[in-house]
S.K.: 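Here's a structure for you.
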Amino acid sequence: MALAPLGPRPQPERLRNDPMNDSALAELGNKDNADPLYAVRHSLAHVLAQAVLEMRPGSTRGFGPPIDNGFYYDFVLSAPITPEDFPELESRMKDIIKAGQRFEREDLEVPAALARLEAMGEPYKAEYARELADRHGLTRLGFYTNGPFVDMCDGPHVGHTGKLPRGAFKIRSVAGAYWRGSEANQMMTRIYCWAYADKVTLEAEVKRHEEGLRRDHKKLGPQLDLYVIDPAIGKGLPLWMPNGTVIREELEKLAKEMEFQDAYQRVATPHVTLESLYYMSGHLPYYKASMFPPMVLEEAGEAGGEAVRETYYLKPMNCPHHHRIFAARKRSYRDLPLRLAEYGQVYRFEDHGALSGLLRVRGMCMNDAHIYCTEAQIEDEFLKVMRMHERYFEMLGIADFYMRLSLWDPDDPKGREKYVDNPAAWERTQNLVRQAMQKSGLPFVEVKGEAAFYGPKIDIQLKTVTGREETFSTNQLDFAVPGADRMNLVYTGPDGAEHHPYVIHRAPLGTHERFIAYLIEHFGGAFPTWLAPLQVRILPISERFNDYAARLDGELRRAQVRADVDRSDDKVGKKIREALTSKIPVVLVVGEQEQEGGTVTVRRYGEDAQASMPFSRFLAEIRAEIDGRVMRRAPGA
RNA sequence: GCCCUUGUAGCUCAGUAGGUAGAGCACUUCCUUGGUAAGGAAGAGGUCACCGGUUCGAAUCCGGUCAAGGGCUCCA
């Protein structure tokens, strides 16, 4: 395959969010004990906890596992810790390191372990110990002691705290986190900490992180006039500025071309719909919490007649609408696969605390399509969609992703609210998707509990500049919604009988909001020419050349190139600076020489060499570059 | 929704023993017509997020609300 993704992350997502850093995980054999950093981070977590308990006596502890860039530790604190306390905390940690406390292991029988944890006043640790015993059948639990500090823990640790690199950690932030990751539980205070093997690495990583923040779409987006989020409109409801709208439309144009080639047909559907549709589709039972509250219309009836009452919802998904388009005609197996595509606006009522820039919004426009097909066609169609993903990602230079086969979780206690109850169909469709993926040769990881309510899916996971992993694209198989008890979609088979089609829901370019957020960070705001809001800035040396510049501008616009003229009375240096900070791909400098010869001097973003050439040649070159969606530079360079 | 932090001009930020606001950039006007990362001068611009309290007096202290950011849960 053309793309070489970095491949599956070694550690499945769920382990990160359910940090069983203690005995159970070691017993299950999942922990990477080979990594010496693991022991360092794990040990530092104990050192942090010791320092926190010194500073806030009476606090109790949750989990404290190593993570990607360091570790964290959860506490129920007797008094708050704020960033102002970080220096003191760090200095106490350094004192503990200096003291060279030995890490001593001791294994206790479960009853003794429980007694000890109760005596320590650690109810959360005790709860977990009970679970390890009851659910995982452990009979002995490990304890590590260093100096005055004791923690239930399976290790591994360094020999003594003196072995920990003193300058290679840094407290990063405090955050809230629910005990065991469930909102029904106590909210704890989580202290995040960077930690690396040595000071140089730490400083480099922290610096890398800080530089990354400069590419943050929340910073660059408004700076480059791509979008604003205006409280007057509502939270999570971005306004797209002219520049951002150009990017949306270029992506849509690309999608339309690609989908046309693969024989999709475009449709258009309204933003609001009657409640009954969402009962039919199953969204209201499964998805209500993510939907905006309904609009209820009431009209008094004609004299004596009954009152008319209608309930509408903003649509959270486009699928039910597309399904009704499928159902609007009698369909034959000869019509399948039927591919309906729409860049569809949807509204989801996300918790306000979850909103973040363009990444998590309440109104979004989705690169949506639904493919209605038979079971025999699933594999081909699924693979075709995966190939489309690949073409997009290659075109955009996106390589740092992994694919996740998102499965249902039969053991989820809320399973009946989250997933359609049909174990046999889940098993069958999961196998179908798994087989298709194996056939594609694309690497993927499997994660339970990430499926849609109606079926398994392949999610494409990317990391934002702030280190957060998000799903940007998705390719889902739906066995449930077309069924008799929901939308009841049917086609006539060769046997003359009616059958339910399968549906593939796919959004390789995700939503404009999230995908463009990624692209802003990916390109650091310096978009390839075909995507750039302004492609060419014409820069006259002085006002005397404004007319020549205007003629070129007109020519470029006639050729559908997005150009403008810098008519300010600033000096050339200033105009150049302005063009560079706006990350415009091409600057044409024109003065005496250029006007005389009908030429332009071309200065490209990120390239030092300049070239003078006849304007006609430049026009042909830029046109070809745009048409070919050429990427001249590595993203973000 | 929950935990923590933040909220001064369009942007980046000053303004802590509480005494009714300041800089740079951007913007407007004028001078300058300048060949590759900031030419000069003047001007305009703020209900210090909002509401309430303490005080003779609040950007500053206290409470609440709203919004944003970092997390958790949830998700494209």
Side-chain angles (χ1 to χ4, degrees), chain A residues 17 72 74-77 80-84 172-192 213 216 218-219 222-223 225 228-232 234-236 287 289-290 316-317 346 348-362 364-368 406 414 418 449-450 452 457 459-462 466-468 470-474 476 505-515 517-518 539-546 568-581 587 589-594 601 603 608 610 612:
Chain A
N17 291 336
Y72 66 77
D74 290 341
F75 303 90
V76 176
L77 294 170
I81 280 182
T82 72
E84 282 172 20
R172 182 153 59 117
S173 59
V174 284
Y178 297 108
W179 165 240
R180 305 307 303 274
S182 165
E183 60 189 328
N185 291 341
Q186 165 89 33
M187 174 60 70
M188 304 181 121
T189 302
R190 176 169 296 179
I191 300 179
Y192 281 98
L213 294 188
D216 190 331
K218 292 186 288 295
K219 215 169 169 57
Q223 223 171 62
D225 268 335
V228 290
I229 292 178
D230 180 353
K235 41 183 183 273
Y287 210 74
S290 297
M317 286 182 173
V346 297
R348 297 184 185 178
F349 193 76
E350 300 287 343
D351 285 341
H352 92 265
L355 301 175
S356 176
L358 288 181
L359 274 179
R360 289 296 293 279
V361 292
R362 285 181 170 172
M364 68 213 89
C365 192
M366 195 180 273
N367 171 226
D368 217 349
S406 300
K414 287 196 214 154
K418 279 174 77 177
E450 294 287 348
K457 54 180 181 160
D459 291 315
I460 296 194
Q461 304 298 107
L462 290 167
T466 53
R468 196 191 324 202
E470 295 279 3
T471 301
F472 282 81
S473 316
T474 186
Q476 319 181 340
H505 307 237
R506 43 108 283 180
L509 296 178
T511 62
H512 278 322
E513 285 71 17
R514 187 174 286 182
F515 203 76
Y518 179 80
L539 197 157
I541 293 295
S542 82
E543 263 173 35
R544 285 170 37 223
F545 309 105
N546 280 359
S568 68
D569 70 347
D570 294 317
K571 291 191 166 187
V572 183
K574 180 66 179 299
K575 291 183 182 181
I576 292 279
R577 181 186 157 80
E578 169 61 25
L580 288 172
T581 53
V587 174
V589 181
V590 296
E592 188 85 49
Q593 297 161 25
E594 289 81 6
T601 296
R603 177 176 175 143
D608 290 332
Q610 300 184 54
S612 286

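Letters A, B, ... are given to chains in the order of the sequence lines, protein chains preceding strands, and every chain is numbered from 1. None of these values were measured; they are calculated from a predicted model.
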S.K.: Expressed in whole Å, how much space separates the P atoms belonging to U60(B) and C48(B)?
M.R.: 10 Å
S.K.: Between I576(A) and V589(A), does the side chain to side chain contact (heavy atoms under 4.5 Å, CB included) criterion hold? Intermediate values first, please.
M.R.: CA-CA 9 Å; I576(A) 292 279; V589(A) 181; 4.2 Å; yes
S.K.: Watson-Crick or G-U wobble partner for G52(B), using a 3.5 Å limit on both distances?
M.R.: C62(B)
S.K.: Please step through side chain to side chain contact (heavy atoms under 4.5 Å, CB included) for the pair T82(A) and V174(A), ending with a clear verdict.
M.R.: CA-CA 7 Å; T82(A) 72; V174(A) 284; 5.9 Å; no
S.K.: Closest heavy-atom contact between K418(A) and G449(A)?
M.R.: NZ-O, 4.2 Å
S.K.: Counting side-chain heavy atoms from CB outward, which of U32(B), A37(B), G70(B) is closest to D569(A)?
M.R.: U32(B)
S.K.: Looking at G70(B), G34(B), A37(B), which one has an atom nearest to any side-chain atom of E543(A)?
M.R.: G34(B)
S.K.: Counting side-chain heavy atoms from C-beta on, which of G39(B), G35(B), U73(B) comes nearest to I541(A)?
M.R.: G35(B)
S.K.: Would you call E592(A)-R544(A) a salt bridge at under 4.0 Å N-O?
M.R.: yes
S.K.: Can you tell me how far P in A17(B) sits from the matching atom in U12(B), rounded to whole Å?
M.R.: 26 Å
S.K.: Can you work out whether G236(A) or A452(A) has the more 5'-proximal nearest nucleotide on RNA chain B?
M.R.: G236(A)
S.K.: Which nucleotide in the list C3(B), A76(B), G39(B) gets nearest to the side chain of T474(A)?
M.R.: A76(B)
S.K.: Do R172(A) and Y72(A) have side-chain atoms, one donor and one acceptor, less than 3.5 Å apart?
M.R.: no
S.K.: Examine G69(B): is either OP1 or OP2 under 4.0 Å from a nitrogen or oxygen in the side chain of K235(A)? Give yes or no.
M.R.: no
S.K.: Categorize E592(A) for me: base, sugar-phosphate, or nothing, with a 4.0 angstrom heavy-atom threshold over every strand shown.
M.R.: base
S.K.: Taking all non-hydrogen atoms of both residues into account, name the closest pair between F472(A) and R514(A) and its distance.
M.R.: CE2-O, 3.1 Å
S.K.: Could you tell me whether the phosphate oxygens of C72(B), OP1 or OP2, come under 4.0 Å of any side-chain nitrogen or oxygen in S182(A)?
M.R.: no
S.K.: Does the structure show a Watson-Crick or G-U wobble partner for A67(B), both distances under 3.5 Å? Name it, or say none.
M.R.: U6(B)
S.K.: Need one value for Q593(A): base, sugar-phosphate or nothing, where a base atom within 4.0 Å counts as base even if backbone is also close, heavy atoms only.
M.R.: base
S.K.: Looking only at atom C1', what distance separates A14(B) and A59(B), rounded to whole Å?
M.R.: 13 Å
S.K.: Which part of the nucleic acid, if any, lies within reach of K218(A) when heavy atoms closer than 4.0 Å are counted: base, sugar-phosphate only, or nothing?
M.R.: sugar-phosphate
S.K.: Expressed as a whole number of Å, how far does the P atom of G57(B) sit from that of G19(B)?
M.R.: 14 Å
S.K.: NA contact type, E578(A), heavy-atom cut-off 4.0 Å: base, sugar-phosphate, or nothing?
M.R.: nothing
S.K.: Out of U33(B), G71(B), C75(B), which has the shortest distance to the side chain of S542(A)?
M.R.: U33(B)
S.K.: What nucleic acid atoms does R172(A) come within less than 4.0 Å of, heavy atoms only: base, sugar-phosphate, or nothing?
M.R.: nothing
S.K.: So what does G510(A) hit on the nucleic acid, given a heavy-atom distance under 4.0 Å: a base, only sugar-phosphate, or nothing?
M.R.: nothing
S.K.: At under 4.0 Å between heavy atoms, what does I81(A) touch on the DNA or RNA strands: base, sugar-phosphate, or nothing?
M.R.: nothing
S.K.: Look at K219(A) and C11(B) and indicate whether a side-chain polar atom (N or O) is within less than 4.0 Å of OP1 or OP2.
M.R.: no
S.K.: R577(A) has a side chain; which of U5(B), A38(B), C74(B) sits nearest to it?
M.R.: A38(B)
S.K.: Does the structure show a Watson-Crick or G-U wobble partner for C30(B), both distances under 3.5 Å? Name it, or say none.
M.R.: G40(B)
S.K.: Rounded to whole angstrom units, what separation is found between the CE atom of M188(A) and the C1' atom of C3(B)?
M.R.: 12 Å
S.K.: Classify the nucleic acid contact of V361(A) as base, sugar-phosphate or nothing, counting any heavy atom under 4.0 Å across all strands shown.
M.R.: base
S.K.: Y178(A) side chain: which of C3(B), G71(B), C72(B) is closest?
M.R.: C72(B)
S.K.: Taking the P atom in each of C61(B) and G45(B), what is the distance between them to the nearest angstrom?
M.R.: 29 Å
S.K.: From CG of N185(A) over to P of C3(B), roughly how many Å is that when rounded to an integer?
M.R.: 15 Å
S.K.: Output the rounded distance in Å from CZ (R348(A)) to P (U73(B)).
M.R.: 19 Å
S.K.: Can you check the L580(A) CG to A38(B) P distance for me, whole Å?
M.R.: 10 Å
S.K.: Using the P atom on both, measure G64(B) against G10(B) and round to a whole Å.
M.R.: 29 Å
S.K.: Can you see which heavy atom on E450(A) is nearest to which on K457(A), and at what distance?
M.R.: O-CE, 2.9 Å
S.K.: Report which part of the nucleic acid T511(A) touches: base, sugar-phosphate, or nothing (heavy-atom distance under 4.0 Å, all strands).
M.R.: base
S.K.: Specify the residue among K574(A) and T82(A) whose closest nucleotide of RNA chain B lies further upstream toward the 5′ end.
M.R.: T82(A)
S.K.: Could you check whether A507(A) gets within reach of a base, just the sugar-phosphate, or nothing at all, counting any heavy atom under 4.0 Å?
M.R.: nothing
S.K.: Atom CD of E350(A) to atom P of A68(B): distance rounded to whole Å?
M.R.: 14 Å
S.K.: So, is Y72(A) close to the C3(B) phosphate, meaning a side-chain N or O under 4.0 Å from OP1 or OP2?
M.R.: no
S.K.: Output yes when at least one side-chain N/O atom of H352(A) is less than 4.0 Å from OP1 or OP2 of A67(B), else no.
M.R.: no
S.K.: Of all the choices, U36(B), G39(B), C72(B), which nucleotide is nearest to the side chain of Y192(A) once you look at every atom?
M.R.: C72(B)
S.K.: For C75(B), does OP1 or OP2 lie under 4.0 Å from any side-chain N or O of K457(A)?
M.R.: no
S.K.: What integer number of Å spans the P atoms of U29(B) and C11(B)?
M.R.: 22 Å
S.K.: Grab the two heavy atoms, one from E513(A) and one from C365(A), that are nearest each other, plus how far apart they are.
M.R.: OE1-N, 2.9 Å
S.K.: With respect to the side chain of T471(A), which nucleotide from U36(B), A76(B), G1(B) is positioned closest?
M.R.: A76(B)
S.K.: Starting at atom CZ of R180(A), determine the distance to atom P of G71(B), rounded to an integer number of angstrom.
M.R.: 22 Å
S.K.: Could you report the tightest heavy-atom contact between L358(A) and A517(A), atom names first, then the distance?
M.R.: CB-CB, 3.8 Å
S.K.: What is the pairing partner of C11(B), taking Watson-Crick or G-U wobble pairs with both distances under 3.5 Å in any strand?
M.R.: G24(B)
S.K.: Report which part of the nucleic acid F472(A) touches: base, sugar-phosphate, or nothing (heavy-atom distance under 4.0 Å, all strands).
M.R.: sugar-phosphate
S.K.: Send over the distance from Y287(A) OH to C74(B) C1', rounded to a whole Å.
M.R.: 10 Å
S.K.: Take S612(A) and Q593(A), measure what side chain to side chain contact (heavy atoms under 4.5 Å, CB included) needs, and give me the verdict at the end.
M.R.: CA-CA 10 Å; S612(A) 286; Q593(A) 297 161 25; 5.6 Å; no
S.K.: Using atom C1' of each nucleotide, how far apart are U47(B) and G43(B) to the nearest Å?
M.R.: 23 Å
S.K.: Among U36(B), A37(B), C3(B), which nucleotide sits nearest the side chain of T581(A)?
M.R.: A37(B)
S.K.: Give E594(A) one of three labels, base, sugar-phosphate or nothing, depending on what nucleic acid heavy atoms sit under 4.0 Å from its own.
M.R.: base
